[in-house]
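Excluded from the calculations below are hydrogen atoms, water molecules and symmetry mates; all remaining heavy atoms, backbone and side chain alike, are included. Naming convention: chains lettered A, B, ... in sequence-line order (proteins, then strands); numbering from 1 in each chain.
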Amino acid sequence: MKAFYVTTPIYYVNDAPHIGHAYTTTAGDVLTRWHRQRGEAVWFLTGTDEHGQKVMRTAEANGVEPQVWADKLVDNAWLPVLDTIDARNDDFIRTTQPRHMERVQRFLARLKDEGHIYEGKYEGPYCVGCEEFKLEGDLVEVDGAKCCPVHGRPVETVSEVNWFFRLSAYTDALIAHYEAHPEAVRPQSAYNEVMSFLRQGLQDLSISRSTFDWGIEVPWDPSQVVYVWFDALLNYATAVGLDDPAGSEGAAKFAATWPADVHLVGKDILRFHAVIWPAMLMAGGVALPKCVFAHGWLLVGGEKMSKSKLTGIAPAQIIDHFGSDAFRYYFLRAITFGADGSFSWEDMSARYTAELANGLGNLASRAAAMVGKYSGGVLAAHHDYTTADHVIIDGLATAAARADACMLDLDFAGGIAAVKEFVDAVNLYVTEQEPWKVAKDEAAMPRVETILYVICEALRGIAVLYNAVMPKAMGELWAQLGAEASLGGLDGQDVRDAGTWGQLPAGSVITKGAVLFPRLEDVA
RNA sequence: GGGGUGGUAGCUCAGUUGGUCAGAGCCCCGGACUCAUAAUCCGGUCGUCGUCGGUUCGAGCCCGACCCACCCUACCA
């Protein structure tokens, strides 16, 4: 069975990770955890992009070799952040690893042999002061002349001999592909952008550079290095054995993994993934990814988060306070995946308190307390169900079905809402059934036992359905329900069966453990 | 200039193919209850759905124009 293969972008090691990066990785992690809990084979890849002029410059500015600089950032920032957000990736690729560089060179050589690459001239505005080519859009007009924004003096038009990829040849094929597969670029707004871009026609792409050397050497031309994007995009395929010889381990891995089911990207890098990347694969005769999903920006104070505006937030700043579960929950719950979303500390605090502490956490707390108080800490068997009980029983089935459908569709907010609404329904049920009043009549204890069973079994379903989003807290809840003894580990619970009622057996030992989501003091 | 997305209660946002569509949550006010993390539950206040026209028996939802915000317009990633 081919694995469900999900990738995040490989992150550029120039800077330390902020919550925008963590957001993408979190989405991938929740998605893959969900699929694992459906019993599917899954492969979740993330990693770092380490070549290119910017990294080289930054390293120089810090007085170290580029590789040393990259190593340092990977070890001190990019790998640790995975633990911080509690991501469970299967692999972590770095573009400076031999496995990547060798496969890139081999693939590139093959494209050249097959006529997809030719020698040409790249011509563009060049600033002598910067010693580099500029982008049209970056230039500023001074007295009618296009000038370098850094040096303020006119740019020259300079040409450089580069190797070019025949991107233009794929305009029609890409349009045809996306017309046949409208689900291949999501959300719809991203699809529209890609299509309108394609309809303007594509130009060939310069894929090598001769002005600096921090990159993968062009195999047949040691004077040039591979353009960083061409290198970077290939990571998704090189990581799983692109073009490895038949019969090799890499070939087996590739067959079991490729094509990617979902490439998660920020909308800023949509074009690279939805235009250049599939064209590269077409040229190489490699299957195209099933879907590129472009998510939106995290906005702070209505503006795109950015370091220069001091709105770049490190994941640890939030997670130190709220914990990784709340981080994962908040960003996927509060923001429609694909759209831009506003982040504010106040909003996160409000949701944490209302939905996690007062909603879910308190429900678990009152359940455990009542089983302890009225049932000696051991879950009793239920008796006949009432209409109210059936509302909960049916509600769980509905929530599970909704959540599954939403998660498969990458509608994380919808999936979480399905479960959250069920939590609310159970809190309502507890209040309306008033087991503390029923318990005052000794003869009514069977009814109390049934009510408590309904609550605890509902929590069992909630734990399974929320495990992908909040693995730490749901693991704790699973332990408090005493479920492992009879049902096994939480990760092994199939989400497709989560809505099947009656799994938590009578006799389960319910304990009032640690508070799932402690109330937090406001911090300014 | 061309293209894309969005403009719905104080805040964050839902609103499928036009006909209880004027909503949810938070916030705020009042009440019930005590199993619980001073939690839970009930009730209530708030909007001319960016503007102006049009199509229709009927439009946040369709069409046109306009205003505002953000993004893309190709080789920094």
Is the distance between the ring centroids of [X] and [Y] less than 6.0 Å?
{"X": "A:Trp78", "Y": "A:Tyr11", "answer": "yes"}
{"X": "A:Trp163", "Y": "A:Phe230", "answer": "no"}
{"X": "A:Phe412", "Y": "A:Phe331", "answer": "no"}

>> Would you measure the distance from the C1' atom in B:G18 across to the matching atom in B:C57 and give it in whole Å?
In response: 13 Å
> Given that both distances must come in under 3.5 Å, which nucleotide forms a Watson-Crick or G-U wobble pair with B:C33?
Replying inline: none
By the 4.0 Å heavy-atom rule, please label [X] as base, sugar-phosphate, or nothing.
{"X": "A:Leu202", "result": "base"}
{"X": "A:Gly414", "result": "nothing"}
{"X": "A:Arg209", "result": "base"}
{"X": "A:Ser206", "result": "base"}
{"X": "A:Val515", "result": "base"}

>> For A:Arg94, is there an ion pair with A:Asp71 - N to carboxylate O distance below 4.0 angstrom?
In response: yes
>> Under 4.0 Å between a side-chain nitrogen and a carboxylate oxygen: does that hold for A:Glu160 and A:Arg209?
In response: no
>> Heavy-atom nearest nucleotide on RNA chain B for A:Leu356 versus A:Asp424: which residue maps closer to 5'?
In response: A:Leu356
>> By nearest heavy atom, map A:Leu360 and A:Ala350 onto RNA chain B; which one lands nearer the 5' end?
In response: A:Ala350
> Would B:G10 be called syn or anti, given that syn covers angles within 90° of 0?
Replying inline: anti
> Given A:Met370 and A:Val430, is the side chain to side chain contact (heavy atoms under 4.5 Å, CB included) satisfied, shown in steps?
Replying inline: CA-CA 11 Å; A:Met370 287 190 287; A:Val430 175; 3.8 Å; yes
>> Atom CD of residue position A:Glu65 - does it have more than 12 heavy atoms of other residues, nucleotides or ligands inside 6.0 Å?
In response: no
Considering only side-chain heavy atoms of [X], which listed nucleotide, [options], is closest?
{"X": "A:Asn427", "options": "B:C42, B:A74, B:U40", "result": "B:U40"}
{"X": "A:Glu355", "options": "B:G25, B:C71, B:U40", "result": "B:G25"}
{"X": "A:Ser342", "options": "B:U73, B:A77, B:C13", "result": "B:C13"}
{"X": "A:Gln203", "options": "B:A77, B:A74, B:C71", "result": "B:A74"}
{"X": "A:Lys54", "options": "B:U73, B:C13, B:C76", "result": "B:C76"}

Could you check how far [atom1] of [X] sits from [atom2] of [N], rounded to whole Å?
{"X": "A:Asp347", "N": "B:U12", "atom1": "CG", "atom2": "P", "result": "9 Å"}
{"X": "A:Glu193", "N": "B:C72", "atom1": "CD", "atom2": "C1'", "result": "5 Å"}
{"X": "A:Leu299", "N": "B:G6", "atom1": "CG", "atom2": "P", "result": "14 Å"}

Return the polar atom pairs (N/O with N/O) between nucleotides 33-35 of chain B and the protein under 3.5 Å, or none.
residue : atom : partner  : partner atom : Å
B:C35   : O2   : A:Arg366 : NE           : 3.0
B:C35   : N3   : A:Arg366 : NE           : 3.4
B:C35   : N3   : A:Arg366 : NH2          : 2.6
B:C35   : N4   : A:Arg366 : NH2          : 3.2

> What orientation do A:His21 and A:His18 show, parallel under 30°, tilted 30 to 60°, or perpendicular over 60°?
Replying inline: tilted
Given [N], is OP1 or OP2 found less than 4.0 Å from the side-chain N or O atoms of [X]?
{"X": "A:Tyr227", "N": "B:A77", "value": "yes"}
{"X": "A:Arg519", "N": "B:A38", "value": "no"}
{"X": "A:Asn14", "N": "B:C76", "value": "no"}
{"X": "A:Thr336", "N": "B:A14", "value": "yes"}

> Ignoring hydrogens and angles, are the base of B:A36 and the side chain of A:Asn362 linked by a donor-acceptor pair under 3.5 Å?
Replying inline: yes
